[in-house]
Amino acid sequence: SPSGLDRTAPRRVASHRIAAMVEGHGVHRVAERHRRLLLGKVFQASSPNGRFREGAKLINNRALSRIEAIGKNLFYFFGGARGPPPRGG
């Protein structure tokens, strides 16, 4: 590249593990794996710093209903009936 940086080279991350930018086909592979593992499961969402409070309320205790891969982006959709309330809450 003009700047002398290889943009496809793996990058060192905080944990000192090497991570590479996932390309489009990799995103679709991750989406398919997440569909197999996560669709239909109910998740708890919160906003520890308060900036996502309203969004967390909308998806908290909702089942993951759909995952879409578009380009290098993954989109997760929550909907359907709410799951049971969390234990102790």
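Position 1 is the first residue of the sequence, and the numbers go up from there.
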Scanning both residues in full, the closest heavy-atom pair of Gly79 with Ser65 reads N-OG, 3.7 Å
Looking only at non-hydrogen atoms, find the nearest pair between Ala69 and His28 and report the distance. O-CE1, 3.3 Å
Under a single-linkage definition using a 4.5 Å side-chain heavy-atom cutoff for Ile, Leu, Val, Met, Phe, Trp and Tyr, are Leu37 and Phe77 assigned to the same hydrophobic cluster? no
In terms of heavy-atom contacts, Glu68 and Ile70 come closest through OE1-CD1, 3.8 Å
Taking all non-hydrogen atoms of both residues into account, name the closest pair between Ala56 and Ser47 and its distance. CB-N, 4.2 Å
Between Arg35 and Glu32, does any NZ, NE, NH1 or NH2 come within less than 4.0 Å of an OD or OE carboxylate oxygen? yes
Taking every non-hydrogen atom, the tightest pair across Gln44 and Asn60: CA-OD1, 3.2 Å
Assign the ring pair Tyr76 / His34 to parallel, tilted or perpendicular, where the plane angle (0 to 90°) is split at 30° and 60°. tilted
Using 0.5 Å steps for rounding, measure from the CZ atom of Arg66 to the CG atom of Leu64. 10.5 Å
In terms of hydrophobic clustering (I, L, V, M, F, W, Y; side-chain heavy atoms under 4.5 Å; direct or indirect links), are Leu74 and Leu38 co-clustered? yes
Is there a path of hydrophobic side-chain contacts, each under 4.5 Å between heavy atoms, that joins Val30 and Phe75? no
Ignoring hydrogens, what is the shortest heavy-atom contact between Ile67 and Ala31? Give both atom names and the distance. CG2-CB, 4.2 Å
